[in-house]
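Index from 1, following the sequence. Whatever order the structure lists them in is the order used to number ligands and atoms, beginning at 1.
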Amino acid sequence: MERRIVDAVPAQLFIGGRWQESSAHTRLAVEDPATARTLTAVADAGPTEARAALDAAVAAQDGFAAMPARERGEILRRCFSLIRERADDFACLITLEMGKPLREASAEVAYAAEFFRWFAEEAVRVSGRWASDPAGHGRLLTMRHPVGPCLLITPWNFPLAMGTRKIGPAVAAGCAMVVKPAAQTPLSMLALAALMAEAGLPPGVLNVVTTSTPGPTLSGLFADERLRKLSFTGSTEIGKTLMAQASTNLLRLSMELGGNAPFLVFDDCDLDLAVDQAVVAKMRNMGQSCVAANRFHVQRSVAEEFGRRLADRMHALRVGPGTDPTVDVGPLIDDTQRAKVRQLVAGALARGATVADGGTTTGDGPGYFFPPTVLTGLDTKAVMYRTEIFGPVAPIYPFDTEADALGAANGTPYGLVAYVFTGDLARALRVVESLQVGMVGLNKGMVSNAAAPFGGVKWSGLGREGGPEGIEEYLTTKYVGIEA
Ligand code: NAP
């Protein structure tokens, strides 16, 4: 079955509604991180194909913008239904190319599809404004237009959802696009492109370029005045580089970047709930999520108890290939990521941390597995404290006062999400208001929701994806002064 699902994916570039090879006829291997074996290979584009993809998007742009919003919405709605019909195949594909357990992959498929349903509904709600000049000298009309051809770049950790979160609002707003999925996980996006064509998306609106050389392949697009927007999800480091490149043409920007999420546990909280939700906030995607809890700040009186219970829960998780339905924790994406996590743990241990559970991996056998790990007695000078771990490691740092907790939470250049566990409403409001983040989970370890604005502040990025705010990123405003 797995072979059938992989073989059904068109392993080529999708440009102007046609599947094609790269002009150099090179291929990009896609690996299964649970076995370290090659699953398949897809076309490896260069600058010529990237340019052709933008040409196709530019050619499609005006016609697509003129399509009635209801029709664009109906296309998204059909895509939503088709994804749901093929949910099991998409989940299997995500698990094979990215590693997450099938249960989580199915949850990603459902989440990904919701962006299409949400933006199918938003497409027809785009409207302008009509007002009288306050001084009585005429009328003020504002209208909304699609921003124009977009470049959408996505990461490997949610191969389908990070795409639909951008493609949904772009289609709803009437923007044509070039999509560049992560080199490690191109299959879900290629399967999605085929599905969207089947659902009636006009040729050229969505173009997919897979490449092993993103910098040289895409740099020409940044220099091309026809491109009007970049929406990027990925690391802060690459995001900053692309923001500088985007300045050449003053592109509209949406940047969904890295995080360093604090998980605050106050001693007045429901500790059972906090432990349950800590597992969710830490372990989704094996910790490889921008919203993964990166630092557990726990009030000193409950820190030991919290650490013990969390270690018990983490210990009970079953590690193995995501395709095994009994598995809770799959492999990390590659050996580089596993080596980075190992090094962070070693660095913390060298500074006096203690392993409450997990922490070592022999590295024998295929696949990039790392055991769920709880660390206590950490030094905040350890590199782990200020680094996005992106792995199944939960470091616990005790705090004494609310002010200490807030100081620790905000003492980072990142500001994506924070989690707060408390039973005191007044404290909850005080803390939530003071956190320098784009999102807060209050007594809740997961915030992702297609109907809500996802995004960060500071080094975690610009703009929002999802919710009514999501479509704004793909629209410009024109004001018309009317002498009447
Ligand atoms: P990454 O290394 O920054 O890569 C992200 C994407 O950018 C990939 O498609 C990558 O292509 C591409 N890329 C790399 N260099 C490029 C260049 N010079 N020009 C154009 N494109 C380039 O990030 P990642 O490792 O895939 O993803 C993990 C990061 O994403 C984490 O920091 C995580 O926090 C962040 N993230 C943020 C959110 C959010 O919503 N805030 C959501 C998910 C993930 P290749 O695959 O070929 O390298």
Under 3.5 Å, is there a donor-acceptor pair linking the side chains of [X] and [Y]?
X	Y	result
Glu31	Tyr368	yes
Asp44	Ser22	no
Asn260	Arg295	yes
Glu465	Ser254	no
Glu388	Asn294	no

Which heavy atom of the protein is the closest neighbour of [atom], given with residue, atom name and distance?
atom	result
atom 48 (O) of ligand 1	Pro214 CG, 4.4 Å
atom 7 (O) of ligand 1	Phe232 CE1, 3.2 Å
atom 3 (O) of ligand 1	Ser235 OG, 2.6 Å
atom 24 (P) of ligand 1	Trp156 NE1, 3.4 Å
atom 19 (N) of ligand 1	Leu242 CD2, 3.4 Å
atom 10 (C) of ligand 1	Lys180 NZ, 3.6 Å
atom 18 (N) of ligand 1	Gly215 CA, 3.6 Å

Please report whether ligand 1 has a polar contact with [X], defined as an N or O pair separated by less than 3.5 Å (distance criterion only).
X	answer
Thr233	no
Glu388	yes
Leu257	yes

Taking 4.0 angstrom as the limit and counting only heavy atoms of [X], give me the atoms of ligand 1 inside it, by number and element.
X	result
Ala183	45 (P), 46 (O), 47 (O)
Ile153	6 (C), 7 (O), 9 (O), 12 (C), 20 (C), 21 (N)
Asn157	43 (C), 44 (C)
Leu218	20 (C)
Ala182	9 (O), 46 (O)
Gly258	32 (O), 34 (O)
Leu416	41 (N)
Phe454	39 (C), 40 (O)

Out of [options], whose heavy atom sits nearest [atom]?
atom	options	result
atom 38 (C) of ligand 1	Ala292, Pro159, Cys290	Cys290
atom 30 (O) of ligand 1	Gly234, Gly438, Pro155	Gly234
atom 9 (O) of ligand 1	Thr154, Ile238, Leu151, Thr185	Thr154

**Asked** Would a search of protein heavy atoms around atom 26 (O) of ligand 1 find one under 4.0 Å away?
**Response** yes
Say whether [X] and ligand 1 are in contact under the criterion: heavy-atom distance to a ligand atom below 4.0 Å.
X	result
Phe390	yes
Thr241	no
Arg165	yes

Ring centroid separation [X] to [Y] under 6.0 Å:
X	Y	value
Phe390	Trp156	yes
His297	Phe399	no
Tyr385	Tyr397	yes

When every non-hydrogen atom of Pro146 is compared with those of Ala173, the smallest separation belongs to CB-O, 3.2 Å
Looking only at heavy atoms, the pair that brings Phe14 and Ala193 closest together is CD2-CB, 3.8 Å
At under 4.0 Å between heavy atoms, what of Glu465 touches ligand 1? The answer is neither
- Query: Under 6.0 Å from the CZ atom of Arg226, do we count more than 12 heavy atoms belonging to anything else shown?
  - Reply: yes
SB check Lys166 Glu473 (cutoff 4.0 Å): no
Exercise. Output yes when Glu122 and Arg72 qualify as a salt bridge under the 4.0 Å nitrogen-oxygen rule, no when they do not.
Key: no
**Request:** Report the C-alpha separation of Glu108 and Lys100 in whole Å, then their side-chain angles, then the decisive distance to 0.1 Å, and conclude whether the salt bridge (charged side-chain N to carboxylate O under 4.0 Å, His left out) test is met.
**Result:** CA-CA 10 Å; Glu108 178 180 342; Lys100 70 182 72 179; 2.5 Å; yes
- Task: Compute both the distance and the angle, then confirm whether Lys282 meets the cation-pi test with Phe263: under 6.0 Å from the six-membered ring centre, within 45 degrees of the axis.
- Result: no
